[in-house]
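Read through the structure below, which is laid out as structure tokens, and then see the notes.
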Amino acid sequence: MKKITTFCLLNLIVSIGFAQEKTKDSLATNNLDDIIVTASRKKESIKEVVSSITIVGEKKIQSQTIINSNISNILQYTVPSLATAGNQTSNYGQTLRGRPFLVMIDGVPQSTPLRNGGRDLQVIDPFSVERVEVIKGATSIYGNGADGGIINYITKKNHKERPFSGSAQLGLISQPKTFAESFGYRASLSFTGKIERFDYVVGFTKERTGVIKDANSVNTSPFYSLSNLNTYNGLLKIGYQLTDKQRFEFSYIGYASRSFLDQDVKIGKWGEIPTIGVESERRLGTPEGTPRNHNFRLSYTNSEIWNNTALNVNIYSQDFRTVYGYDRDQFLNGGQSNVASKKLGLRMNFDSRLFSNDTYKADLIYGVDILQDETVQKLEDGRFWTPQMKMQNTAPFVLIKFDAWEKFTLKAGARYENIKVKADDFYTLPVLNAKNNTYNNSIFVQGGDLEYNAFVSNIGLRYNIMPEVNVFTSYSQSFSINEVGRILRTSTESVISKLPTDPIIVNNYEMGVAGTIKKWINYELTSFWSTSKLGATSVQLPNGSFAMQRAPENIWGYEAVINLKPLEVLSFGGAFAWLEGKVDNDNNGTYEKYINGSRIMAPKLTTYIQVRPTKKLDVELSSLHNFERNRFDPNPTTNLYSVNEGPVKKYTVFNLSSSYLIGKALKLGLGVENLFNKDYSPNMAWWQARDKDFVNAPGRRATVQVQYNF
């Protein structure tokens, strides 16, 4: 058994903050965009938040969805410090500020920290999402796994008093040069309404993609492919207003995807020839995808359970399973892995008003989180790649919030984590050693119990000096267990207690300035720095195998956002993010080596220009420019790079989205991804530095959409 206890005093760090990461549609914010729930576990104005955030509103989600409905792709354009997507069903390598993040749907965790399957971003269709709240930087407010921050999908709610209304969408998708082969479609239908004390939201989406081609009309790689993929998403939300102060709400969100791609792979050569898909009669193994992601939530809120105290209780469950591609070589005699996870949790949150007058007010937010998580990674034939793992997480927390003069906000909080993990006995799988082309021997690993305890804290203070200048600085910590499953499956020890499974505690510091000038210029500059005494990065060992590198880490960087609206018909702007990280492999305090590309993204610049010549017509041209990152040298003998250390090349891609309103109910839309048919490879293809992973990005794809509201 391992116990790690960390105590951090709540040091007063002067932090003056306006923690608003403006997205383009924030220039015309509505009430929904102004109210957030993730940052402090309560509804509050964005002007009260003391951590750095991005809010992706419904209008932005809609305009991006018509270009590409893959939610990883949407977020790469809208969240500055989120790494670029790999155009796959997996979001492996898509870190936030260089670290893993916690994904949630309405506060229900989707990430699997016991064995990160890299599918947690793509667990919901954007048609069901009202907005996305992104808390950037390490935070412990929702517990285990938020080293880089939190991405919380807030699902649609009923906002109308009518008993029945709805929306229907139909989109046709294709690539112009290969229309028939690449043809796909999206169909969505939703209903909302309110009947006396009841309100409801019902929605369903089905999407079927065609074969995806690169700019040269060649099949893209079949690995984790979005080609010929069926996805399904259902949303059911029923609310009952018991009294003016009490409300019950039940929700179900279901998501599934299944590949029907009949392609085999033709391996290319890294940096020269892309890996592509070639036609085959039948692809080996079980169809890839996420067969199920079921989320159930029952909540109860009482705005005054006793004097000046509100209560929010959430009971939830998640049942998740995802299936990866068949691999002839990695496993002895071939194999295909899957990750299955079941969660059951409780979040209890009290909010007490301590005092209030015309000048000052103070709130105390406190409660407890309880989570049970069972996760395992197996092969489809039943062989265990990791043992069955069970986690019990109990965490009480408290947060004090003080506001003064409607300009000054101070927050200070603490959380105590107790995590117990039990792993069964198991045998490791013989996997391929890439250096000598042999299979490692299977060994028996005795399971057992692990226990971790930690005290983590956060503090921040915001001061809105004037509309043009608001400055901030803050400090926060996160606590997460390292990927126990990944460590266990490559074990060279016969007893689990001897393995390096120590958790990760991240300290995050940030400061910056933001403001609004003459009501038509919004800007923000943010700098950040995060440290951890034990990081976790996947690295290739000299013998060709892979392991989790556990060593001290420093990551630092900055973000810059500007949005301008000089005319009612014209708005434009962009965001730039740069970050870097180093690791101290020998623990001597020198931080001599850069962190590899699986964690640190290349610098990224996103821009847009939007024109609204009439109230009915909206046209937007957006772009993403990816800069170079070259921090490693190849092997002097082979002239090859180690895996995850390849140099990243620059590229620029443009997208177009437009909509035209016909009457009050009918809207036509057109979206074009990769407008100029740019021939390029995404970041992941370069930094992975492996032949099979060197792939091309999709070429030009167009979507025509019609939406009818009733």
Side-chain angles (χ1 to χ4, degrees), residues 8 10-11 13-23 36 38-41 46 48-56 75 78-83 94-104 111 132-152 397 399 409 411-415 454 456-462 470-480 504-514 524-533 535-536 553-561 575-581 595 599-601 604:
C8 181
L10 296 177
N11 300 306
I13 300 178
V14 176
S15 66
I16 308 171
F18 181 44
Q20 182 175 2
E21 180 70 72
K22 293 273 190 181
T23 57
I36 68 168
T38 307
S40 297
R41 299 177 62 124
I46 196 171
E48 299 175 83
V49 179
V50 298
S51 58
S52 186
I53 67 171
T54 291
I55 297 192
V56 187
L75 294 177
T78 53
V79 182
S81 50
L82 181 71
Q94 200 169 7
T95 56
L96 182 60
R97 286 190 175 179
R99 298 187 185 273
F101 45 81
L102 173 64
V103 179
M104 302 187 298
S111 302
V132 184
E133 297 179 357
V134 183
I135 311 301
K136 294 174 292 183
T139 178
S140 64
I141 195 164
Y142 284 91
N144 186 22
D147 294 343
I150 294 171
I151 297 177
N152 193 8
F397 64 89
L399 174 70
T409 300
K411 291 182 182 178
R415 181 182 176 99
V456 289
S457 61
N458 63 81
I459 188 166
L461 188 147
R462 177 197 124 203
N470 308 281
V471 289
F472 72 90
T473 179
S474 62
Y475 166 76
S476 59
Q477 290 183 304
S478 69
F479 174 88
S480 62
I504 302 169
I505 296 176
V506 177
N507 303 289
N508 183 75
Y509 309 84
E510 63 179 312
M511 62 186 305
V513 58
E524 178 173 297
L525 298 173
T526 306
S527 63
F528 57 87
W529 175 45
S530 69
T531 68
S532 55
K533 292 183 179 179
E553 294 176 347
N554 281 337
I555 297 176
W556 63 96
Y558 62 88
E559 303 164 13
V561 181
F576 176 74
W578 178 94
L579 61 94
E580 193 52 87
I595 299 175
R599 294 271 307 280
I600 304 298
M601 73 178 199
K604 183 179 74 172

* Asked: For Ser480 and Gly145, which heavy atoms make the closest approach, and how far apart are they?
  -> CB-N, 3.3 Å

* Any donor-acceptor N/O pair, Asn470 side chain to Ala514 backbone, under 3.5 Å -> yes

* Got a second to check how far Leu82's CG is from Met601's CE, nearest 0.5 Å? -> 8.0 Å

* Asked: Quick one: CG on Asn508 to OG on Ser140, what's the gap to the nearest 0.5 Å?
  -> 11.0 Å

* Asked: Looking at Phe528, does the NZ or CZ of Arg97 lie under 6.0 angstrom from its six-membered ring centre and within 45 degrees of the ring axis?
  -> yes

* Could you grab the distance from atom CD1 of Ile150 to atom CD1 of Ile53, nearest 0.5 Å is fine? => 11.5 Å

* Identify the heavy atoms of Ser52 and Thr526 that sit nearest to each other, and give their distance. => OG-CG2, 4.2 Å

* Which atom pair, heavy atoms only, marks the closest approach of Thr54 to Pro80? -> OG1-CD, 3.9 Å

* Asked: If only atom types and distance count, is the side chain of Glu559 paired as donor or acceptor with the main-chain N or O of Ala577 below 3.5 Å?
  -> no

* Asked: Yes or no on side-chain contact (heavy atoms from CB on, under 4.5 Å) for Arg415 and Phe479, after CA distance, side-chain angles and deciding distance?
  -> CA-CA 10 Å; Arg415 181 182 176 99; Phe479 174 88; over 6 Å; no

* Residues two or more places apart in sequence or in another chain: which of them pass side-chain hydrogen bond (donor to acceptor under 3.5 Å, both in side chains) with Asn144? -> none

* **Donor-acceptor contact present, side-chain Thr95 to main-chain Arg599, <3.5 Å** => yes

* To do: State which residue, out of Asn152, Thr38, Ile151, fulfils the side chain to side chain contact (heavy atoms under 4.5 Å, CB included) condition with Val132.
  => Ile151

* Structure fact -> Between the CD1 atom in Ile555 and the CD1 atom in Ile600, the distance rounded to the nearest 0.5 Å is 4.0 Å

* Asked: Does any N or O in the side chain of Thr531 come within less than 3.5 Å of the main-chain N or O of Asn554, such that one atom is a donor and the other an acceptor?
  -> no

* Asked: Rounded to the nearest 0.5 Å, how far does OG of Ser532 lie from CD1 of Ile504?
  -> 6.5 Å

* Do Ser527 and Trp556 have side chains that get closer than 4.5 Å, going by heavy atoms? -> no

* To do: Could you check whether the rings of Tyr509 and Trp529 sit parallel, tilted or perpendicular, using 30° and 60° as the cut-offs?
  => parallel

* Is the shortest heavy-atom distance from the side chain of Ser530 to the side chain of Val506 under 4.5 Å? -> yes

* Return the orientation label for the Phe576 and Tyr558 ring planes: parallel under 30°, perpendicular over 60°, tilted otherwise. => tilted

* **Pairwise distance CZ(Arg99) to CG(Leu579) - rounded to 0.5 angstrom** => 10.5 Å

* Asked: Of all heavy-atom pairs between Glu553 and Ala536, which one has the smallest distance, and what is that distance?
  -> OE2-N, 3.6 Å

* Asked: Taking C-beta and beyond as the side chain, do Thr139 and Leu102 meet within less than 4.5 Å on heavy atoms?
  -> no

* Test item: Lys411 and Leu399 side chains (from C-beta on) under 4.5 Å apart, heavy atoms -> yes

* Answer yes when Glu510 and Lys136 have at least one side-chain N-carboxylate O distance shorter than 4.0 Å, and no when they do not. => no

* To do: Identify the heavy atoms of Ile141 and Ser40 that sit nearest to each other, and give their distance.
  => CD1-CA, 3.6 Å

* Structure fact -> When every non-hydrogen atom of Ser478 is compared with those of Ala138, the smallest separation belongs to OG-CB, 3.5 Å

